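Start at 1 and go down the list; that is how both ligands and their atoms are numbered. On a predicted model such as this, the values are computed, not experimentally measured, just so you know.
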Amino acid sequence: MRGLLCNGLSAIAALAALASPTAGQTHESGAPSPAIEARVASLLGQMTLEEKLTLVNGRFPRMMKSLPAGVIPSAGYVAGVARLGVPEMKESDASLGVANAGRTGDDAVALPSALALAASWDADMAYAGGAMIGGEARHKGFNVLLAGGVNLVRDPFNGRNFEYLGEDPLLAGRMAAASVRGVQSQHVISTVKHFVLNAQETGRHVLDARIGEAALRESDLLAFEIAIESGAPGAVMCAYNKVGGAYACENPHILTDVLKTDWGWKGFVMSDWGAVHTVEAARAGLDQESGQELDQEAYFDAPLRAALADGRVSLTRLNDMVGRILRSQLATGLMDPLPAAGPYDKAADAAIAQAEAEAGLLLLKNEGDILPLAAGARRIAVIGGHADVGVLSGGGSSQVIPAGSLVRARPAASPAWSEGIVYHPSSPLAAIRSRAGSGVVQFDPGEDIASAARLARDSDVAVVFAEQWTTEGADAPLSLSDHQEALIGAVATANPRTIVVLENGGPVLMPWIDAAKAVVEAWYPGQRGGEAIARLLFGEVSPKGRLPVTFAAGPDQLVRPSPPGLAMATAEGLKPEAQAPFAVNYVEGSSVGYRWFAEKDRKPLFPFGYGLSYTRFHYGRLKATGGSGVTVQVEVANIGQRPGVAVAQLYLAKSPGRTQQRLLGWRRVALKPGERRRVEITAEPRLLADWDEAAHDWRIRPGAYALFVGDNADDRAATAQAVLRGAELKP
Ligand code: BGC
């Protein structure tokens with residue numbers, strides 16, 4: 001495990017270990033052993049053509065005429081070859097828990113959003129969450145989790161940002177890797193997805209993502225590369241969109257040249273559901289068609305048979321496809337006798353969800369140290385956000401609905417297959433009440449602004465819960481609703497001691513920020529989110545989260561202030577088949593998020609990496625060592641009155657001849673008041689390098705590299721320089 005173990009984390013690791021007797025035994029599907037290769041060859045030698053075809057045909061159980069015995073309705077199913085011990089693949093979404101929509105009586109624990117997890121900057125936490133959901137998946141009989149969403153957050157409006165791990169390739173890649181390792185420790189294959197550049201939902205079935213080769217290698221591909229090399233996922237799910245003119249699931253460059261050849265990855269590529277358009281996908285590098293009922297034709301059934309017969313697809317390629325699937329099954333232990341899944345311990349799993357929420361909750365503003373709430377806060381007004389019921393979650397295929405959730409009707413503009421707006425059953429109001437002692441906690445739903453303002457005026461402090469529901473299948477507005485913005489304004493006018501708690505999918509604009517004394521970013525905090533929020537408000541835990549995305553000050557600062565193709569998609573009622581193709585030119589290239597802000601010299605509202613604590617930190621005595629790579633040592637001190645967790649972030653500010661900002665590494669450090677510690681951070685070499693298209697490798701140019709360590713991307717608290725010899729790194 002990476003990084004320092006911070007307060008409470010050893011307990012989490014222990015909980016994760018308890019979730020299954022096999023936790024911790026990671027399988028190296030990225031580096032298969034000779035024994036596994038021998039078993040793959042032997043199985044292939046014994047399989048008939050029909051049996052091989054069975055393994056490349058993925059079905060969508062909800063649309064199958066009849067379900068095979070023991071198969072429960074879920075995202076995916078692939079028949080096995082019983083006579084050879086090749087198991088059926090029972091697939092479930094996703095990375096925030098075992099998606100259970102539509103299955104009555106099937107409870108599942110919901111983690112916070114992936115963006116909340118990324119805000120923890122804590123790979124151990126990602127592992128623990130992955131192991132927890134892997135254990136639940138296995139307990140329910142699934143052996144594939146469609147987890148590992150690692151698309152970069154290029155635009156704040158992307159409706160699926162809550163399923164992803166932020167805007168930085170190193171942070172996203174490392175967090176995804178740890179989560180995948182956690183899932184696979186439970187003998188459940190994990191995907192990483194959606195390969196690649198599925199950066200918006202609007203027109204996702206028709207848009208062509210355009211970007212230069214070097215820019216792609218240095219951004220989205222790098223996130224996948226890191227996730228794959230250190231996470232060793234059994235599967236990669238290719239995306240809906242086109243990349244450089246060819247559909248991602250039919251794209252020989254990204255599937256075969258990059259993923260399988262350059263990176264040498266040995267697992268299998270499965271398509272996204274409804275992302276295949278021709279049998280040619282097999283030649284391009286797709287190994288398994290998923291949810292084929294959603295494609296125009298079951299391409300890997302009769303059309304693949306025909307293509308094999310007339311030589312358009314070779315038997316060698318089919319053997320490669322099947323061999324890859326078998327290899328991932330073997331590497332994850334699916335063909336070996338496995339220890340029985342442990343008993344379903346909901347309380348232990350929910351404790352992990354709460355720990356993850358507490359690790360990712362973020363304090364954006366805390367004027368006059370209004371937080372934590374003083375014991376003297378006698379009358380507390382809790383307003384809006386359905387805080388009496390629970391906490392919001394994001395919609396779409398990743399939706400987990402724990403028992404006791406509230407499901408409200410979905411808005412008309414959201415996809416018809418969405419379950420609705422789901423509130424996880426953890427009421428912040430109840431959790432605040434249970435901590436208020438003799439104080440009086442009153443609730444106003446916030447629908448009538450005047451009534452909410454009256455309650456705020458008669459209270460000592462007002463906590464406004466503001467929500468932004470986002471979902472797969474639709475992109476989101478950049479701001480809270482007008483009503484909620486007006487509500488915050490009116491409440492803050494009535495009582496200046498106003499705290500705003502945000503439950504949202506990704507960055508939102510905050511024109512109301514000056515009115516609020518404090519702002520807590522709670523993301524979608526999962527099924528113990530209410531408890532986690534209350535604990536933070538009352539100072540039982542110190543805020544630890546740091547932004548994995550930049551929060552812009554206004555739409556004019558963004559590369560794209562609204563989703564390309566939106567007007568057309570809205571007019572067409574979001575039906576993919578009705579949409580005309582369009583292109584999105586990713587003009588920012590690899591300068592995603594904070595890199596773009598640095599390049600354009602724009603000052604965001606809150607920079608990447610930012611997050612307050614109830615204490616303060618100082619970074620000093622930075623010493624950088626160069627040569628073939630960069631390692632720094634820095635002293636981190638807690639100079640406040642409370643314990644807290646610092647996240648020392650190492651950035652590149654300038655490489656020879658070029659000003660460019662990049663996160664190179666980080667270290668979480670738990671410190672008691674007055675404590676100081678010297679920590680070491682080693683830079684990921686590819687972030688010191690540029691991709692050289694002509695040479696087809698990474699180049700670290702010789703010369704001086706300007707570095708800094710600080711609390712966020714705009715905090716040059718300690719600066720240093722390292723001189724590098726220069727190097728070429730193979731992909
Ligand atoms: C989503 C995938 C998901 C799949 C199966 C697709 O619509 O894009 O992320 O895994 O459905 O539910």
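Residues forming a ring pair (Phe, Tyr, Trp, His ring centres under 6.0 Å) with Y586 (at least two apart in sequence, or on another chain): none. Shown here are the salt bridge (charged side-chain N to carboxylate O under 4.0 Å, His left out) partners of E472, two or more places apart in sequence or in another chain: R160, R204.
Between R410 and E419 there is no salt bridge, since none of the side-chain N atoms of the basic residue sits less than 4.0 Å from a carboxylate O of the acidic one.
Counting heavy atoms from C-beta outward, Q399 and D93 have side chains that stay 4.5 Å or more apart.
For a heavy-atom separation below 4.0 Å, the residues in contact with ligand 1 are A75, D93, L146, R160, K193, H194, R204, M237, Y240, D272, W273, S397, E472.
Identified under the side chain to side chain donor-acceptor pair (under 3.5 Å) test for residues 58-71, with sequence neighbours left out: R59-E293.
Looking only at atom types and distance, the side chain of E91 has no donor-acceptor partner in the side chain of Y77 under 3.5 Å away.
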